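Beneath this line is the structure, given in structure tokens, with notes to follow.
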Amino acid sequence: MKKLLLSLFCFTTIVYSCNTKEKKEQQAIDMDVKNSTLVSVGQSVPDFNFIRNTDTVHISDFKGKVVFMNFFATSCPICIKELPVIHNEIWKKYNHIEDFEFFVFGRGHSIAEMDSFRTKWEYTFEIIPDPDKVIYTKFATKYIPRNIILNRDGVIIFEATGFDDDKLAEIKAILEKELKAN
């Protein structure tokens, strides 16, 4: 009986220790993600410009529209899993709406890389290269994928790192609400 109780105690201690270690590791990661994020919900979008269809545009040019932005890299497995979902469930649903803009930025990628990637995966949206991470570093110092939604006033109303079903549901609910608001 003592051996059984001792074994049970050891097992419980090991399980508790492992769970505690995992929780502490996740808390450290969550804190690092938070500390690497340079923007927050409620603030105006940082000013930046980029090339779109051979024209230089400023993010402020899109005030009056709901803007969805995604930052990804081809080396990121979660990003590769996320983009088809974003393509099918956000781009295809909303791209025809006049007061909606959709931008995917290839963090650390050239035009040639993004053109090749887009062709390979048969995406129908433009992928904007951000080879030197100039745009990305307005929002964060590390971690992708990142999704950001701006309201018509250019204010960040959603910002999240990573991708899962809960975040997708939140993105879709916010877009639905914002796009019906007009």
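Atom set for the values below is all heavy atoms of this structure, side chains included, hydrogens, waters and symmetry mates excluded. From a predicted model like this one, the values you see are computed outputs, not experimental measurements.
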Which atom pair, heavy atoms only, marks the closest approach of I174 to I157?
CG2-CD1, 3.6 Å
Here the salt bridge (charged side-chain N to carboxylate O under 4.0 Å, His left out) pairs for residues 60-78, sequence neighbours left out, are K65-E101
Shortest non-hydrogen pair, S44 vs I156, comes out as O-CD1, 4.4 Å
Could you pull out the closest heavy-atom pair between V39 and P46, with the gap in Å?
CG1-CG, 3.8 Å
Go through L83 and F125 one step at a time and tell me if the side chain to side chain contact (heavy atoms under 4.5 Å, CB included) criterion holds.
CA-CA 11 Å; L83 277 179; F125 54 78; 4.2 Å; yes
Minimum heavy-atom separation for S60 and D47, please, with both atom names.
OG-OD1, 4.5 Å
With distance as the sole test, does D153 use its side chain to make a donor-acceptor pair with the main-chain N or O of V155 at under 3.5 Å?
no
Residues in side-chain contact (heavy atoms from CB on, under 4.5 Å) with D115, at least two apart?
I111
How close do N70 and P145 get, counting heavy atoms only, and between which atoms?
ND2-CB, 4.4 Å
Establish whether Y123 and F102 are linked, either directly or via other cluster members, by ILVMFWY side-chain heavy-atom contacts under 4.5 Å.
yes
Please check this pair: side chain of R152 against backbone of E178, looking for a donor-acceptor N/O pair closer than 3.5 Å.
yes
Say whether I59 and L38 are linked into one hydrophobic cluster, either directly or through other cluster members, by side-chain heavy-atom distances under 4.5 angstrom.
no
Does the D130 side chain pair with the main chain of I135, one donor and one acceptor, at a distance under 3.5 Å?
yes
Could you list the residues that satisfy side-chain contact (heavy atoms from CB on, under 4.5 Å) with T56, not counting sequence neighbours?
N49, I51
Per side chain to side chain contact (heavy atoms under 4.5 Å, CB included), I90 is matched among N95, L168, V85 by L168
Please report the closest heavy-atom contact between C79 and C76, naming both atoms and the distance.
SG-SG, 2.5 Å
Shared hydrophobic cluster for V57 and V66 (ILVMFWY, side-chain gaps under 4.5 Å):
no
Contacts satisfying salt bridge (charged side-chain N to carboxylate O under 4.0 Å, His left out) that involve residues 68-96 (not counting sequence neighbours) are E89-K172, K93-E176
Geometric class of the F71/F139 ring pair [parallel <30°, tilted 30-60°, perpendicular >60°]:
tilted
Excluding sequence neighbours, so at least two apart, what forms side-chain hydrogen bond (donor to acceptor under 3.5 Å, both in side chains) with E113?
H109, S110
Which ring pair (Phe, Tyr, Trp, His ring centres under 6.0 Å) pairs, counting each pair once, include a residue from residues 140-163, with sequence neighbours left out?
none
With S36, which residues qualify under side-chain hydrogen bond (donor to acceptor under 3.5 Å, both in side chains), at least two apart?
R146
Are I97 and F103 grouped together when hydrophobic residues (ILVMFWY) are joined by side-chain heavy atoms under 4.5 angstrom apart?
no
Mind checking what makes side-chain hydrogen bond (donor to acceptor under 3.5 Å, both in side chains) contact with K142, not counting sequence neighbours?
D32
I'd like to know if V45 and F105 are part of one continuous hydrophobic network [Ile/Leu/Val/Met/Phe/Trp/Tyr, side-chain heavy atoms within less than 4.5 Å].
yes
Before giving the answer on ring pair (Phe, Tyr, Trp, His ring centres under 6.0 Å), spell out for F72 and F117 the whole-Å C-alpha distance, their side-chain angles and the decisive distance to 0.1 Å.
CA-CA 12 Å; F72 89 104; F117 179 81; 5.3 Å; yes
With sequence neighbours left out, the residues meeting ring pair (Phe, Tyr, Trp, His ring centres under 6.0 Å) with F100 are Y94
Sorted by chain and residue number, the side-chain contact (heavy atoms from CB on, under 4.5 Å) partners of T124 (sequence neighbours excluded) come out as H87, W91
Set of side-chain hydrogen bond (donor to acceptor under 3.5 Å, both in side chains) partners for K138, sequence neighbours left out:
none
Separation between CE (M69) and CD (E159), nearest 0.5 Å, reads 9.5 Å
Contacts of D165 that satisfy side-chain contact (heavy atoms from CB on, under 4.5 Å) - sequence neighbours left out
none
Check against side chain to side chain contact (heavy atoms under 4.5 Å, CB included), Y136 and I144
CA-CA 10 Å; Y136 177 76; I144 49 174; 3.7 Å; yes
